[in-house]
Q: 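Mind looking over this structure? Questions follow.
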Amino acid sequence: MDDPQKVAAYVEAGRENGVMAPVYMFHAANICEVIRAGDVVVDLACGPANQLVMVARLNPDAHFIGVDMSSPMLEQAKELISRHGLNNVDLRHGDITDLSVFAGNSVDVVVSTMALHHLPNVVALKRTYSEVARVLKPEGGIYMVDFGHLKSGRSIDYFAHQYADRQPELFTLDYLNSLHAAFYLEDIRQAAHSLFKQARLYSTFLMPFMVALKSPARRGPDMALAIKFAAMKRSLPSWHQKDLADLKTFFRMGGLSCALLG
Ligand SMILES: C[S@@+](CC[C@H](N)C(=O)[O-])C[C@H]1O[C@@H](n2cnc3c(N)ncnc32)[C@H](O)[C@@H]1O
C-alpha cells in the first residue's frame, strides 16, 4: 500500500469524522480491554496509525510499537504521532510475517486491525499467527481483527458500497478489493490455531464480514475509561453512532462483547 492516492484516501477515512471512525472506536474499546498499565503493545501493520494513536492516547501508561512495511504509511503515522505529542509510541519498518526483531515471550499484547487480508496467502497468515504466539508472553493479550471473506459476490458488493455516498470513490474501491482479498473464516480458524490457548475467535453474526481473535479482558472494570468512550460516542454524528451500534450488535450476537462500550 504505497500508492500516494490510496494512502491519502485511507488516512482521510480514518480521521475524526471519516467513514471508519465508528469502526476504529469499536476496535479501540476492545483493544483497551486487553491492555494493562506498563504493557508493551505491538500493533501489526499499523498503517497511518489512526487506530494506534487513538489507543495510545487512551493508555498513556503503556508503550506501543507499530510495525508496517510501507514507508509512506509510516510517514503518515509519524506525522500523526508528533501532532498528538505522544511519547509512548515507536514505529518499525518491517514485515509482520517475520517478527524476529522481537525476542520470544517479550510482548504483553499484540493487536492488528483490518490488515491481515493484505497478506498474500494462508501460509503467510499462519506464519504471522505463529510469530505472534512466539513473541507473546504466556498471559499476554490479543486483539487481531480483520474482514472475513463473504461467500456471495452480492454480499461483498453490498458491504463495499454501503457507505459509497459518504466517502471518496477510491476508498470504496479499496474496500471492495479488501473484502475480495479477505480470508475465509475457516482458513483464519485453522491458521490461528496456535493462539487458541490465549484467545477465542469471534465473527459477526450470520455473515462473517468481520472476524476478531480476542483474549479475555486483562483489565478490571474501568469507569474512567468507560466514561471517555461514552463521551467519544456522543461526539460522533448520529449516522456514525448507528454504525457503531450495529457493529456492536452483530459482534455481540456472534459472542463478542466489550464492557467499555456499555
Ligand atoms: C488497510 S491498512 C490498515 C492499517 C491499520 N491497521 C488500520 O487499522 O488503520 C493495511 C496496512 O497493512 C500493511 N501491510 C500489508 N502487508 C504487510 C506486511 N506483510 N507487513 C507489514 N505491513 C503490512 C500496509 O502497508 C498497510 O499500511
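Whatever order the structure lists them in is the order used to number ligands and atoms, beginning at 1. Keep in mind that the numbers below use all heavy atoms, side chains included, and drop hydrogens, waters and symmetry copies. Residue numbers count from 1 along this sequence.
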Q: Hey, does the side chain of Ser215 reach the backbone of Ile142 with a donor-acceptor pair shorter than 3.5 angstrom?
A: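 Checking the backbone N and O of Ile142 against the side chain of Ser215, a donor-acceptor pair under 3.5 Å is found.
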Q: Would you kindly say whether Ser178 and His117 are connected by a side-chain donor-acceptor distance under 3.5 Å?
A: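 Yes.
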Q: With sequence neighbours left out, what residues match His149 under ring pair (Phe, Tyr, Trp, His ring centres under 6.0 Å)?
A: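 Tyr184.
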Q: Got a donor-acceptor contact below 3.5 angstrom from the Gln51 side chain to the Tyr24 backbone?
A: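 Indeed, once roles are kept as given, a pair shorter than 3.5 Å links the two residues.
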Q: Please identify which atoms of ligand 1 are closer than 4.0 Å to at least one heavy atom of His118.
A: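 So the answer, numbered in order with elements, is 1 (C), 10 (C), 15 (C), 16 (N).
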Q: Begin from the C-alpha positions of Glu33 and Asp222 and carry the test side chain to side chain contact (heavy atoms under 4.5 Å, CB included) through to its verdict.
A: CA-CA 9 Å; Glu33 270 198 349; Asp222 188 330; over 6 Å; no
Q: Using distance alone, decide if ligand 1 has a nitrogen or oxygen within less than 3.5 Å of any nitrogen or oxygen in Asn50.
A: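 So ligand 1 has no N or O lying under 3.5 Å from an N or O of Asn50.
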Q: Is it the case that ligand 1 has an N or O less than 3.5 angstrom from some N or O of Met114?
A: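 Between Met114 and ligand 1, no N or O pair is found under 3.5 Å apart.
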Q: With only distance considered, is Ala45 within less than 3.5 Å of ligand 1 through an N or O on each side?
A: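 Among all N and O atoms of Ala45, at least one is under 3.5 Å from an N or O of ligand 1.
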Q: If the contact criterion is a heavy-atom separation under 4.0 Å, does Asp95 count as touching ligand 1?
A: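 Flag set, Asp95 near ligand 1.
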Q: Which atoms of ligand 1 sit under 4.0 Å from any heavy atom of Tyr24?
A: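 Contacts of ligand 1 toward Tyr24, numbered from 1: 7 (C), 8 (O), 9 (O).
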Q: For atom 26 (C) of ligand 1, which of Leu52, Asp68, Thr128 has the closest heavy atom?
A: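 Considering heavy atoms of Leu52, Asp68, Thr128, the nearest to atom 26 (C) of ligand 1 sits in Asp68.
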Q: Please list, in number order, the atoms of ligand 1 under 4.0 Å from a heavy atom of Gly47.
A: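 In order of numbering, the contacting atoms are 4 (C), 27 (O).
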Q: Given the rule in the side chain to side chain contact (heavy atoms under 4.5 Å, CB included) test, do Leu80 and Asn50 qualify, once you have shown the distances and angles that lead to the verdict?
A: CA-CA 8 Å; Leu80 189 64; Asn50 294 335; 3.7 Å; yes
Q: Looking only at side chains, do His63 and Asn88 share a donor and an acceptor under 3.5 Å apart?
A: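 Judged by distance alone, the side chains do not pair up.
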Q: Examine the proximity of ligand 1 to Met73 and report which part, side chain or backbone, both or neither, has a heavy atom under 4.0 Å away.
A: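 Answer for Met73: side chain.
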Q: Is Cys46 touching ligand 1 with its side chain, its backbone, both, or neither, if touching means heavy atoms under 4.0 Å apart?
A: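 Backbone only; the side chain of Cys46 stays clear of ligand 1.
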Q: Taking Arg134 for the side chain and Asn105 for the main chain, is one N or O donor matched with an acceptor at less than 3.5 Å?
A: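 Not a single qualifying donor-acceptor pair exists.
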Q: Is there a polar contact between ligand 1 and Asp43, counting only N or O atoms under 3.5 Å apart?
A: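 No: no nitrogen or oxygen of Asp43 is under 3.5 Å from one in ligand 1.
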Q: By ring pair (Phe, Tyr, Trp, His ring centres under 6.0 Å), which residues pair with Phe209, not counting sequence neighbours?
A: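 By the ring pair (Phe, Tyr, Trp, His ring centres under 6.0 Å) rule, Phe209 matches Phe159.
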Q: Determine whether any heavy atom of Gly94 lies closer than 4.0 Å to an atom of ligand 1.
A: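 Distance cut 4.0 Å: Gly94 passes for ligand 1.
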Q: Which atoms of ligand 1 have any heavy atom of Leu119 under 4.0 Å away?
A: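 Those of ligand 1 that fall under 4.0 Å from Leu119 are 19 (N).
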